[in-house]
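We count residues from 1, following the sequence as given. For the numbers below, each heavy atom of this structure counts, side chains included, while hydrogens, waters and symmetry mates do not. Only a predicted model underlies this, so the values are computations on that prediction, with no experimental measurement involved.
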Amino acid sequence: MTQSFKKTSLTYNKLVVVCCVVFSALSSVLLLSSCFHLHANGWDRSKLMNLLDLLFAALSWSAISFYLCRNYLSTQKIPLLLRVWWVSFFMVSCCGLSVDIVLYKKQELESVHLLIYHAVAVTVGLFLCYSCLQKKQGEGEKINLLEEPLLNGAEEDNEVITPFSNAGFLSHMSFSWMGSLIALGNEKIIDSEDVPQVDDSDRAEKLFCIFRSKLDWDDGERRITTFKLIKALFFSAWRDILYSTLFAFVYTISCYVAPYLMDTFVQYLNGNRQYPNEGFVLVTTFFVAKLVECQARRNWYFRLQKAGIGMRSVLVSMIYEKGLTLPCHSNQGHTSGEIINLMTVDAERISAFSWYMHDPWILVLQINLALLILYRSLGLGSIVAFAATFLVMLGNIPLAKLEEKFQGNLMESKDERMKKTSEVLLNMRILKLQGWEMKFLSKILDLRRIEASWLKKFVYNSAAISSVLWAAPSFVSATAFGACMLLKIPLESGKILAALATFRILQTPIYKLPDTISMIVQTKVSLDRIATFLCLDDLQQDVVERLSSGSSKIDVEVNDGAFSWDESSPIPTLRDINFKIPHGMNVAICGTVGSGKSSLLSSILGEVPKVSGNLKVCGSKAYIAQSPWIQSGKVEENILFGKPMQREWYERVLEACSLNKDLEVLPFRDQTVIGERGINLSGGQKQRIQIARALYQDADLYLFDDPFSAVDAHTGSHLFKEVLLGILRNKTVIYVTHQLEFLPEADLILVMKDGTITQAGKYNEILDSGTDFMELVGAHTDALAAVDSFEKGSATAQPTTSKENKVSNDEEKQEEDLATPKGQLVQEEEREKGKVGFTVYQKYMSLAYGGALVPIIVVVQSLFQILNIGSNYWMAWVTPVSQDVKPPVSGSTLIVVYVVLATASSFCILIRALLAAMTGFKIATELFNQMHLRVFRASMSFFDATPIGRILNRASTDQSAVDLRLPSQFSNLLVTAINILGIIGVMGQVAWQVLIVFIPVIAACTWYRQYYISAARELARLSGISRSPLVQHFSETLSGITTIRSFDQEPRFRSDIMRLNDCYSRLRFHAISAMEWLCFRLDLLSAAAFALSLVILVSIPEGVINPSFAGLAVTYALNLNSLQATLIWTLCDLENKMISVERMLQYIDIPSEPPLVIESTRPEKSWPSCGEITICNLQVRYGAHLPMVLRGLTCTFPGGLKTGIVGRTGCGKSTLIQTLFRIVEPTAGEIRIDGVNILTIGLHDLRSRLSIIPQDPTMFEGTVRSNLDPLEEHTDDQIWEALDKCQLGDEVRKKDLKLDSPVSENGQNWSVGQRQLVCLGRVLLKRSKVLVLDEATASVDTATDNLIQETLRQHFPDCTVITIAHRISSVIDSDMVLLLDQGLIKEHDSPAKLLEDKSSSFSKLVAEYTATSDSRFRRSC
């Protein structure tokens, strides 16, 4: 057991023993006293039972005390039987106390000692029930986690001492342990570091352990039903749930003390007094009941919310855990956006359900208690009241079913929207390059319209339920009073007021019933969705037989292997795979696009489902994916990837991967924070960081998927020499490559075609043994021949770039380095400071019809309150105080007037509910549209610096709050405020002196709110911000799951999600604790004000005030403390929820790109006709706090000619292209196309006239047709023609649905090379005069590259083609070559002229390329 638990539980241990000893002594004293009394007055058999009861109590409590003194203080374990005994004792004592109170009122109680005895028994029983549920930490609970270690080096003995865990009994009950944090919030703006850690017992990993251990699995099939999920969630937070159940029970009982005594109180005011000081006894009873009610309610709410936070935590952990085990090729219908939605929306909703968890059984209990009181007041009329209540409940069943249907459809449509939003945000760069962003925005808005149609039905249905249930108390009371008139049951004001007080207490759970029904429905839908997700098939665990490192000389062995991404497909993706790879062998895999090279690597990793055969892998693995996966974070963190720093090895890896020069350029070297998806790195830099990550792991087996495609020839040669032939010379390496010059060094070459290995052997062995390899070699030889022809025709000449220009450029670079402020690209998420401004509320309200409906809603709600008070006033006025007083009106008149007033008030409620629903829906729609429009119109710099999790957080969690939570919160605020004003008005009208009491109480409440809100506001903001890293980490994990699994890094990533979970939980926990701290103090103030008001009423001389009106005032005042606390709570919670609006408004205010269309400067439809591009003094940086990337470029790209742009990785090639498309706005200089300054025309006019095949090939979920022609501008014949030209026609024709063949999320069911060909098909359809190829053939083999180049020459003969390529063969036949070096133009001329000067940088690049390719190739041929 931990030291902190020993310290905090010592008080409980001693108090438990002391309570038992004291109660044993008390029972013994009363037993002796009773014996002496009976001995003196004679033995009476009727009193013998009391004597036996005391004897049993004395003996049993003595035995318990002896047992506890001997065992409990040493073991601190309470037997289950003893716990059951204490709970039973508490319940029996409550019943005994109730009987004693009734007998005491009737003056039939034999001895006041029994009343005192039972009162002490109830107190002792309550404390013992609390103590027996007290959680024991440390060694208290051993949990079997199915032999599954959750975290690396789980911190078993890590002790976290927090204010909550260190607090004593009184501090827990009064929430005083929160005082220091709230005081700190008044001294400074709270930051995350100021908030204490979450309690050790509430940490995510411990709760997850409990959850997993309690989750039932069906015979190992891991099938989870909703019931099993609920059961596991219950056991993960059972103590808090049981605590809250106990407090809810005590609260409910205490609520009905006042209605029970109401008739007695009215009779007392009317002069019917049963004993001296009866008034003050009644006031004391009311006050004590209120104190108990206050204490119980606050702890009930606190425990429930604490349980909710824990349940959310385990659900997020479970969803994340499931995400780590899903097959990467298919999420079985669940995209990453939908999975993130489960975490952000569904888990959050289940957490919010904790508020409503006990409402159903509390409602049943309250109805039963109410019926008992009503039967005492109204006799058989109470039966009619019960029937009316049951009828109201029954009437809501069809509406509740509709609500469940609407909620399910709403969540499905939200999933669809979030899925598309996530995909679009991930690929925003390509959308802007193509000018498609507004088209995809319209798709998201269409999905939102579908979602909004269900949302509209949902909120209007909720309004109907709300209006029915708000009218229910009036309907039930009218029915009950009418039945009394028909049954000739006399109605007296005392009994009427007791009934009204009961109805008013009962109306709170009935009013909450719409929200409860709604939350039950929403929670059931969310639980079903999560259970369905958890039932998805996991990645096959038997694909690979894993052997420990060094246990075999064969690192990879495949026998008769058949693997298929689609297990239902009759033809496997890979078939007849057989090979053995001994340790230390260098294996190359080559083949054409779509031949199955990447699938073979994935099958070795265990990612592709196995159809048949055997696959063995020995030792640890490291994997380099074809599309680099880079985490948000520092460069160093990406390379270390969870391993400790070994400086010498780290520096060696950096040198081998040529990263030192890149790190020198970065503002903080390896401490530079990389943006999401490596946004502030070039493609080559991302690839080399990925290689460095793999090298640093020092694994046994290395799998490279086309690692050299994104780097230039020089860097590729360096990597091959230093990495594959250097550091990894004694390792087993399997690499896929399209650069055939690297093949001769391989120990084994596997040639693939159509999913099979057609040739295998060393280079010279397979060269003449088949045609497949010869085709690849022939294509590469042709490319080399093209380069050779240029070299042979060249002669020596002067360099074209003057040394003076070079010197001046170098000086400019040095000056620029000195002048450029350096900073991180990704900054901390912005949060507002201080209170939520009035302008936020103003903007929110004005979004719906300019706020015109708000005053109407206020007037209608005020009218409801007036009519409601009027109806109760009417009943108090016309009913006599006692039977001997004649009523002023007939019974029929009494009922008719009451029904008319009740009906009118119900009509007002219906109007208010509909208007509020209409307003909330309109505001949610406007906020969504405005935020998404501004986000889509934002510049790429916004997306570069903003992790996608932040945007998704606003589009999901914040939008959900605006859709559903905020409208109901504003309605609750209005209802509560008007209700309080009505109560104060009623009480002031009866006795104006009461108003004097309220002035200091309201002042104190206002002060407390001001004192509290500073801390609470920042806690709410911090918890909102802490969600974003959680979403971002989740999103990154799903996108890089193959890499994570290949490095066996799942435990570390689980640890990260647990840490982020705990960060969010501790902020949420302290936010709700601060709320309960405030509400507890407000409740105490309200209880004091209520007690003082009662003292005033009983102190006023008889006859001064009308007893009926005084009773009515007390009836209303009974709810005052809860209403006042609700008002302050709603105000504070509303401000916290308004932070969602504040965060959305932040994005509504983000700067937009320049206009899409500028009418005054629109170019002609034929522009550009020539395609000449003139660049003058172009300077570009990615942000004001970042260094210059392009440093004053001046050049011209002649129209109709092909220009190749070359240079080392990171020299600024891609930046130049982005500036041409105005993805990045120039800092200085200009670009003209055919004489038109592109900075003066609209972005849509510019981008729609240019075409690009980007470096990262992108496909969207949909069909082949929608991917080629998203704007729907072309016919099917034109699309087929484009597919044939880009060599994909035959591939698409093989598919059953042809052009309607599905494309999965991010095009995962297409190879990277095929995706690149789809991008080529897009430009063939577009047929622009200016075409840009940004590493367009990096992911295809040389033969396909040659075909693409031939296609471009054939179909774009008169176009300006700008090509960025690392393959010299792709640019050697260009008309002009531009060579960049560190953002400067180093050389710019025709290839022939540049090759004439053997000292030119271009000549050296060509020489490197031919040296590495030609020498190896010619040597091997």
Side-chain angles (χ1 to χ4, degrees), residues 384-385 388-389 391-400 402-403 456-482 499-500 503-504 506-515 517-518 848-849 852-878 892-922 967-968 970-983 985-986 1116 1119 1123:
V384 178
T389 304
L391 192 63
V392 170
M393 303 294 180
L394 207 61
N396 272 296
I397 290 177
L399 291 174
L402 277 177
E403 185 146 14
K456 192 173 186 178
K457 292 173 182 176
F458 180 82
V459 296
Y460 280 120
N461 188 70
S462 296
I465 295 175
S466 177
S467 59
V468 168
L469 293 177
W470 269 84
S474 298
F475 170 72
V476 172
S477 56
T479 307
F481 297 153
L500 289 176
F503 289 137
R504 282 188 65 79
L506 192 59
Q507 79 180 8
T508 301
I510 290 180
Y511 285 174
K512 278 184 68 180
L513 195 58
D515 288 339
I517 292 171
S518 174
Y849 314 105
L853 293 181
V854 176
I856 299 174
I857 294 172
V858 173
V859 169
V860 172
Q861 181 62 36
S862 302
L863 188 58
F864 161 77
Q865 190 66 28
I866 292 168
L867 290 169
N868 187 265
I869 292 173
S871 62
N872 292 335
Y873 243 99
W874 168 259
M875 293 301 291
W877 178 55
V878 298
S892 58
T893 305
L894 181 148
I895 295 299
V896 168
V897 172
Y898 184 78
V899 168
V900 168
L901 291 171
T903 305
S905 65
S906 302
F907 184 68
C908 289
I909 280 298
L910 177 62
I911 294 174
R912 192 267 299 163
L914 291 175
L915 290 177
M918 188 189 305
T919 304
F921 176 76
K922 178 68 175 176
S968 63
F970 272 105
S971 294
N972 291 341
L973 176 66
L974 178 66
V975 168
T976 308
I978 292 176
N979 214 339
I980 288 175
L981 290 175
I983 291 172
V986 169
Y1116 274 93
N1119 284 8
L1123 285 172

Output for pair (Leu901 CG, Ile866 CD1), nearest 0.5 Å, gives 12.0 Å
Compare all side-chain heavy atoms of Val860 with those of Phe864 and state whether any distance is below 4.5 angstrom. no
Taking side chain to side chain contact (heavy atoms under 4.5 Å, CB included) as the test, write out the residues that go with Ala388, two or more places apart. Phe475, Val476, Thr479
Close side-chain approach of Met918 and Leu914, heavy atoms under 4.5 Å: no
What do you reckon, is OH of Tyr460 surrounded by more than 12 foreign heavy atoms closer than 6.0 Å? yes
So Ser971 and Arg912, do their side chains get closer than 4.5 Å, heavy atoms only? yes
Counting distance only, does the side-chain N/O of Ser906 pair as donor-acceptor with the main-chain N or O of Ala902 below 3.5 Å? yes
From Ser467 OG over to Ile909 CD1, what is the distance, rounded to the nearest 0.5 angstrom? 8.5 Å
Scanning both residues in full, the closest heavy-atom pair of Ala848 with Lys922 reads CA-CG, 3.6 Å
Residue pair Pro967 / Val459, side-chain heavy-atom distance below 4.5 Å: no
Under the side-chain contact (heavy atoms from CB on, under 4.5 Å) rule, what do Glu403 and Leu399 come out as? Steps first, then yes or no, please. CA-CA 6 Å; Glu403 185 146 14; Leu399 291 174; over 6 Å; no
Can you tell me if Lys457 has over 12 outside heavy atoms packed within less than 6.0 Å of its NZ? yes
